[in-house]
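One is the number of the first residue; the rest follow in order along the sequence. Atoms considered below: every heavy atom in the structure, side chains included; atoms not considered: hydrogens, waters and symmetry mates.
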Amino acid sequence: MNNRLYGNLIFELSKEGRKGYSLPRNNFGDYAIPASLRRLEEATLPECDEMTVVRHYTNLSQNNFGVDNGFYPLGSCTMKYNPKINEEMAALPEFQHLHPMQPADTTRGAQAVITLLERSLCELTGLARFTFEPYAGAHGELTGLMTIANYHRSHNDERRRKVIVPDSAHGTNPASAAVCGLEVVEVKSTADGLVDLEDLKRLVAAEGENVSAMMMTNPNTLGLFERQIPEIAALIHECGGLMYYDGANLNPLLGACRPGDMGFDVMHINLHKTFSTPHGGGGPGAGPVGVRKGLENFFPHVSPYHGNFAVMMRAYAYILTLGREHIKEVGPLATLNANYIKECLKDVYELPIDGLCKHEFVFDGLKDKSTGVTTMDVAKRLLDYGYHAPTIYFPLLFHESLMIEPTENESKETLDGFIEVMRKIAEEAKTNPEVVKAAPHHTPIGRVDDVLAAKHPIVTYRQLKNETTEV
C-alpha cells in the first residue's frame, strides 16, 4: 500500500488551520470558566480535514484482524465466530440502556436473563450455582480461589495455603493463586503430556494437610484429555483439598461431559471464549464461577454488580440458538477439526506427542530443524498469506511450541487452505529460508525488534511545531 495516509499517525497528517467540523452558532451567550478548570496551555489536538480523518481511521480499521476477516487459529483462546444475532440481542434498547444503579424492579428482564443463563450453565457443567460478578477469566480464577479459601476458613483450616498446579498450566493459574496469597506447588507432566499421577501422590503425601486445592484445565494446554481425573480428584479430596477447574478449554467438552461429574468442586467459565462472545484486545470478558452444592455460601463479593451483562446476553443468545440438540455438536466438531489439521501437517511439523487430541494441539516447530527457520518465522510468514498466526512459544514444555485451535465453526475448505499455506511455508523453509526469516513482507509494518519494543515502548507522542516527538 503506497498511500502515505495508511501508516501515519493522525498527528503526522495534521496541518495548521485545517478543520473537519463546523459548530452551530452560539445562542447561549458566553460564560466564564473557573480558573481552576482551565488548561494552562492549549490542548494538543491534530488539525485535519474530514476526508483525511475518515481515510485515516478507515485504513486503521483494515489493519485489525478478527474472525470476521479470516481464519484465526489462536490456540488456548478459542477465537470462534460470534453470530450476529448475539449482537442484535445485546443491542436491544431494553438491555443496552440499562444502568447498574437503577431500581431493581426496573431490571427484572435482565435478572431473568441471568437466572436462565445460570440454569443453562449448571446443566452444561454439572454444578449447582454460579456467581456472575467476575469481569474476566482471570478475575473468575481469583474469585474461585477465594471461594475455596472461604470454605477452608469456615472449617478453621487456615493452614491450607498451597495450591497444586500442573507444569503445563495457563500462566494465570499460578498468578491467581499468588494474588490470593497462596503458595504454588508444581506437579510434573509425564512424557505423554498428562499429569504425572506418581508425582502428585508424592506431593499429596508430603503436603496433604496443607493443600487448599488443585487447579486443572481439561483438556489440558496440550489439547489432551486428562484420563486420570477420577484418581486425581480422589487424592485431593481425601487429603481435604478441593478441585478447581480452569474453564478456558471447556469448548471441546460441550455436550460430551461435565466438569461437575468428573469431581470438580469449583470452576470458572470464559463466556467470551466458550460461548462465542467477542474476545481479544483486552475485552470485554465475563468469568462466572460455578460451585457444587454446598459451596454457594462461600462466594466472595468481588464486584458490587453483576459483571459485563452484554457479554452474558450474547452468551445466552448463543446457547438458545444452538439449543439442547445442537450444542452437543460443538465439542465433537472442534475435536474433528483439530485432529484433521494435525494429521495433515505432522509429516512436516514436529508433533512431540502423537495420538488423539481434543480442540487444539501443539507442534514443536518445523520437523526439519536444519533450515534454521523458527516458530516465530513461521508465524510471521503466515501474515503474508492473510492468516492470523497460531499461539507461539506456549506452552513452555517445548522449545518451539506452535499451538493451533481451529474451533468447530470452520469449514473444511478453510482448513484445507490453511493446511496448504502451512505446507508451503515448510517448503519455503527448505528452498528459500531467508524469505521466511525476513517475513512479513506484505504488511504495513515489517519485522519489528520485539526486545527493543518491550524494553523501550513508545506509549505516547507530543506534537511540537508540526513535528512528532517521542515521549
Quiz item: Does the ring center of Phe361 lie less than 6.0 Å from the ring center of Phe363?
Solution: yes
Quiz item: Are Asp265 and His237 linked by a side-chain donor-acceptor pair shorter than 3.5 Å?
Solution: yes
Let me check something: any side-chain donor-acceptor pairs from residues 322-334 under 3.5 Å, sequence neighbours excluded? List them with distances.
{"unit_1": "His326", "atom_1": "ND1", "unit_2": "Glu329", "atom_2": "OE2", "d": "3.2"}

Quiz item: Is the closest side-chain donor-acceptor distance between Asn251 and Glu408 under 3.5 Å?
Solution: yes
Quiz item: Does the ring-ring contact (aromatic ring centres under 6.0 Å, His included) test come out yes or no for Phe264 and Tyr244, once each step is laid out?
Solution: CA-CA 6 Å; Phe264 286 96; Tyr244 181 92; 8.5 Å; no
Quiz item: Do Ser303 and Tyr135 meet the criterion of a side-chain donor-acceptor pair at a distance under 3.5 Å?
Solution: yes
Quiz item: Taking all atoms of both residues into account, what is the closest heavy-atom pair of Met267 and Gly247, and its distance?
Solution: CE-CA, 4.2 Å
Quiz item: Do Val362 and Phe398 come close enough that some side-chain heavy atom pair is under 4.5 Å?
Solution: yes
Self-check item: Trace of the side-chain hydrogen bond (donor to acceptor under 3.5 Å, both in side chains) decision for Glu226 with Asn218
Solution: CA-CA 6 Å; Glu226 295 280 358; Asn218 190 41; over 6 Å; no
Self-check item: Ring centres under 6.0 angstrom apart (Phe95, Phe309)
Solution: yes
Practice problem: Look at the side chain of Asn220 and the backbone N and O of Gly193, then say whether any donor-acceptor pair between them is shorter than 3.5 Å. | Solution: yes
Quiz item: What residues, two or more places apart in sequence or in another chain, satisfy side-chain contact (heavy atoms from CB on, under 4.5 Å) together with Lys412?
Solution: Tyr340, Asp416
Quiz item: How about His268 and Thr143: does a side-chain donor come under 3.5 Å of a side-chain acceptor?
Solution: no
